[in-house]
Each structure stands twice: as structure tokens, then as C-alpha cells.
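Let me begin by presenting the structure, written as C-alpha cells, before commenting on it.
Just so you know, these numbers use all the heavy atoms, side chains as well, and skip hydrogens, waters and symmetry mates.
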Amino acid sequence: MNKLWAFDAAARHQNFRTAAEELNLTQGAVAQQVRSLEEELAQKLFSRHARGLHLTENGRAYAREIRRALEIVDNATRQIAPTSQRIVLSVPPSVAAKWLLPKLADFREINPDIDLVTQASEKISVFNADAVDLAIRIGTPPFADLEHHFLADKRLSAVTQPALANKLLSGSPHFSSARDFSSLPLVFDSHNHWELFFRSEGLATPSPQLQFNHSSLAIDAAREGQGIALAPTILTRHGIETGDLVSLFEAPALSCSNYYIVYPAGHSGEHNVRLRVIDWLLKQGV
């Protein structure tokens with residue numbers, strides 16, 4: 001099915017790059033899926049040219065039938081979807097752990113009839129192929145062939161354990177720039193927030209003493225007093241509200257990317273359960 005989705009998108013756009021944007025895949029991945037399909041069929045479906053793709057005669061005939069078949073699948077799914085109360089939500093792991101998880105009890109209380117299945121993954125969802133209904137992703141609109149709703153901005157907070165914060169603040173320091181953190185124990189993650197912060201002020205980044213691949217792990221280390229993490233406010237807000245974390249400083253926005261809820265275009269009015277989940281998520285935004 002992945003090969004057929006890739007071929008259908010490429011046939012409609014006559015362009016691997018545009019097809020890749022629609023499917024949230026890389027251009028190379030789409031091209032590989034199409035090549036694999038051509039090998040399986042022992043048929044050339046496209047002729048490749050410097051300025052783009054052209055369907056072969058066999059490719060045009062095949063594309064018409066595949067489009068018809070995929071529309072039948074889509075229609076059949078939409079006809080039964082309103083009776084299904086299951087929504088699959090794809091979320092980055094740190095957002096799932098630090099933002100969504102503390103709120104799920106509220107969701108279950110308000111929506112006891114909806115089975116919300118959370119997929120914590122950094123992988124960009126291919127909605128049809130991965131059977132995902134909604135996704136929360138970081139980016140900048142427009143998103144090709146996707147509807148989107150703004151969820152939260154990407155402000156950053158420098159956070160740490162209350163005991164360590166009291167120690168750092170005992171001398172009445174003033175945290176107002178990256179330079180104020182240069183000699184302190186910092187916890188890094190794979191999103192390079194500290195690096196971007198120091199670079200924005202023309203400063204060299206201190207060597208990390210602790211480094212993790214997920215922001216949630218960096219935040220956990222900060223909560224345990226291992227140092228100071230710089231992470232999106234959407235991830236630190238719950239810890240600050242519970243008293244597990246203290247915010248020392250809010251950094252200015254370092255990019256134009258924000259958090260958005262995204263889903264396939266054209267389906268917004270066809271799935272009442274999905275709309276209920278979207279409405280609830282938007283009310284939880286920071």
C-alpha cells in the first residue's frame with residue numbers, strides 16, 4: 001500500500017518533491033517506493049526528465065485505476081468512521097510525556113466514549129498509510145495538503161530543581177542573557193536549544209556535561225538537580241505548576257516554528273470524533 005500511495009501522489013503531481021511534501025516523506029523515499037513498484041510490475045510508470053516526470057502510457061492507465069481504488073478505500077473508511085470512537089494521535093515523545101500525559105485523566109473524564117490512542121514518535125506521519133487521525137508537530141505553515149491549528153508557540157524556559165534554583169539565586173544573580181548561564185551546569189538535548197541560545201548572542205557554547213536525545217529526559221535531569229535544561233514552555237509548564245521545576249529565565253523565540261495540530265485536508269467536517277479531540281487539544285494549548 002505504501003508503494004501505491006507514493007505512486008498515486010507522484011502521478012497526480014508529476015513531481016517526486018511535491019508528492020513527498022504531501023505524504024510527509026523525503027523525496028528519496030517516494031522515488032524509491034515508485035522504483036520498487038516499477039520493478040515489481042516490470043513496467044516503467046514514469047519517464048524521468050530534467051524538468052520533471054511524465055507518466056508513460058501504461059503509467060497513465062495504471063494511475064487512473066489506482067486512484068479509483070484508493071478513493072473506494074477512503075470512502076469505505078469514512079462511511080464507518082463516524083461509528084468508531086477510536087482516534088490515533090501521533091505526538092513527539094517529549095510532548096507526549098511532559099504535556100499530554102498529565103492531561104489525559106481530564107480527557108477521559110470529559111470524553112469517556114473516545115478511545116484516544118497515542119503514538120509517541122518523531123517520525124512524520126503518513127496519515128493514510130500509518131492509520132493516524134491527528135498529529136502534533138513542530139513546523140511553520142502552510143503544510144502541504146494538511147489542515148492545521150496553532151497549538152502553542154515555542155518559547156523556551158531555563159528550568160531546574162527548586163533546591164538548585166535557590167542555591168543559584170542565593171547571591172541574587174540576574175538571569176537576562178546567555179552569558180549568565182555560561183559557567184553553570186547545563187543539560188543539553190538533541191534540539192540544540194542551548195547552542196542556538198548562545199549562538200544568538202554571538203557566544204561560544206559551553207561543553208555539555210549532560211546530554212540526552214529527548215527534551216523530556218533533559219527536563220527530568222534538571223528536575224533531579226543535575227543542571228539547567230532549556231526546553232519549550234509547553235514541556236516545562238506542568239513541572240513548574242506542580243513545584244517540581246523552577247523557571248530561571250524565558251529565552252526569546254529562536255525560530256519561527258511552533259506547535260500545530262495537523263490532519264489531512266478536506267476531512268475536517270467528516271469525523272465528529274476527530275473534531276472533539278481537536279477542540280479538547282486546543283483548549284489545552286499553552
Subject >> Gap separating the CG atom of Leu53 from the OG1 atom of Thr18, nearest 0.5 angstrom >> reply: 9.5 Å
Subject >> Asp220 backbone acceptor or donor facing Glu224 side chain under 3.5 Å >> reply: no
Original post:
His193 and Pro232: which non-hydrogen atoms are nearest, and at how many Å?
Top reply: CE1-CD, 3.6 Å
Solution key, residues 239-249 side-chain donor-acceptor pairs under 3.5 Å, sequence neighbours excluded:
unit_1 : atom_1 : unit_2 : atom_2 : d
Thr242 : OG1    : His238 : O      : 3.2
Thr242 : OG1    : Gly239 : O      : 3.1
Thr242 : OG1    : Asp244 : OD2    : 3.1

**OP:** Quick one: closest heavy-atom pair of Gly227 and Thr160, and the distance?
**Re:** O-OG1, 2.8 Å
Original post:
Are the side chains of Val262 and His148 in touch, meaning some heavy atoms are under 4.5 Å apart?
Top reply: yes
Original post:
Hey, what do you get for OG1 (Thr236) to CZ (Arg223), rounding to the nearest 0.5 Å?
Top reply: 13.0 Å
**OP:** With rounding to the nearest 0.5 Å, note down the distance linking CD1 in Ile138 to OG in Ser255.
**Re:** 8.5 Å
Original post:
Given the rule that I, L, V, M, F, W and Y join up when any side-chain heavy atoms are under 4.5 Å apart, are Ile261 and Leu89 in one cluster?
Top reply: yes
Subject >> Pair Lys283 + Asp106, salt bridge at N-O below 4.0 Å >> reply: no
Subject >> Where Leu23 and Trp5 come nearest, the two heavy atoms and their spacing >> reply: CD1-O, 4.0 Å
Subject >> Side-chain heavy-atom pair Ile228, Phe175 within 4.5 angstrom cut-off >> reply: no
Original post:
Going through the checks in order, is the salt bridge (charged side-chain N to carboxylate O under 4.0 Å, His left out) test met by Arg68 and Glu65?
Top reply: CA-CA 5 Å; Arg68 187 179 305 167; Glu65 297 304 315; 3.5 Å; yes
Original post:
Got a second to check how far Gln284's CD is from Leu104's CG, nearest 0.5 Å?
Top reply: 9.5 Å
Subject >> Close side-chain approach of Phe212 to Phe188, heavy-atom, < 4.5 Å >> reply: no
Subject >> Side chains of His214 and Pro92 in contact at under 4.5 Å (non-hydrogen atoms) >> reply: no
Original post:
Is the backbone N or O of Asn258 less than 3.5 Å from a side-chain atom of Asp153, with the two atoms forming a donor-acceptor pair by type?
Top reply: no
Original post:
Measuring from Tyr263:OH to Ile87:CD1, what's the distance to the nearest 0.5 Å?
Top reply: 11.5 Å
Original post:
Is the CZ atom of Arg12 crowded by more than 12 outside heavy atoms at less than 6.0 Å?
Top reply: yes
Original post:
What heavy-atom pair brings Ser47 and His49 nearest, and what distance separates the two atoms?
Top reply: OG-NE2, 3.2 Å
Original post:
Hey, any chance Ile219 and Ile136 share a hydrophobic cluster, counting ILVMFWY side chains that come within less than 4.5 Å of each other, even indirectly?
Top reply: yes
**OP:** Give every residue pair that meets the side chain to side chain donor-acceptor pair (under 3.5 Å) criterion with at least one member in residues 194-203, sequence neighbours excluded.
**Re:** none
Subject >> Option passing side-chain contact (heavy atoms from CB on, under 4.5 Å) with Val273 (candidates Leu116, Ile114, Asn111) >> reply: Ile114
Subject >> Distance-only donor-acceptor check, side chains Ser90 and Ser121, under 3.5 Å >> reply: no
Subject >> Nearest heavy atoms of Leu281 and Leu134, plus distance in Å >> reply: CD1-CD1, 4.4 Å
Original post:
Do Leu203 and Ser182 come close enough that some side-chain heavy atom pair is under 4.5 Å?
Top reply: no
Subject >> Stepwise salt bridge (charged side-chain N to carboxylate O under 4.0 Å, His left out) test for Arg86 and Asp133 >> reply: CA-CA 9 Å; Arg86 185 175 186 266; Asp133 299 293; over 6 Å; no
Original post:
Honestly curious: do Val91 and Val277 fall in one hydrophobic cluster under the side-chain, below-4.5 Å linking rule?
Top reply: yes
Original post:
Which pair of heavy atoms, one from Gly59 and one from Phe7, lies closest together, and at what distance?
Top reply: O-CZ, 3.7 Å
Original post:
Is there side-chain contact between Ser215 and His191, with heavy atoms separated by less than 4.5 Å?
Top reply: yes
**OP:** List the steps and the verdict of salt bridge (charged side-chain N to carboxylate O under 4.0 Å, His left out) for Arg276 and Asp113.
**Re:** CA-CA 11 Å; Arg276 287 169 57 192; Asp113 58 321; 2.9 Å; yes
Subject >> Donor-acceptor pair, side chain of Ser216 and main chain of Ala97, under 3.5 angstrom >> reply: no
Scan the side chains in residues 35-43 for donor-acceptor partners under 3.5 Å anywhere in the protein, sequence neighbours excluded, and list what turns up.
unit_1 : atom_1 : unit_2 : atom_2 : d
Arg35  : NH2    : Gln32  : OE1    : 3.1
Ser36  : OG     : Lys3   : NZ     : 3.2
Glu38  : OE1    : Arg48  : NH1    : 3.2
Glu38  : OE1    : Arg48  : NH2    : 3.1
Glu38  : OE2    : Leu45  : N      : 2.8
Glu38  : OE2    : Phe46  : N      : 3.2
Glu38  : OE2    : Arg48  : NH1    : 2.9
Glu40  : OE1    : Lys3   : NZ     : 2.8
Gln43  : OE1    : Asn58  : ND2    : 2.8

**OP:** Look up atom CG in Asn192 and atom CG in Leu230, then write down how far apart they are to the nearest 0.5 Å.
**Re:** 11.0 Å
Subject >> Single-linkage hydrophobic cluster Tyr259~Leu101, side-chain heavy atoms < 4.5 angstrom >> reply: yes
**OP:** Take Asn15 and Gln27, measure what side chain to side chain contact (heavy atoms under 4.5 Å, CB included) needs, and give me the verdict at the end.
**Re:** CA-CA 9 Å; Asn15 185 287; Gln27 181 174 334; 5.8 Å; no
**OP:** Check whether any side-chain N or O of Ser190 sits under 3.5 Å from a backbone N or O of Asn213 as a donor-acceptor pair, and report yes or no.
**Re:** yes
**OP:** Give a yes or no on whether Leu210 and Leu184 share a hydrophobic cluster (residues Ile, Leu, Val, Met, Phe, Trp, Tyr; joining criterion: side-chain heavy atoms under 4.5 Å apart).
**Re:** no
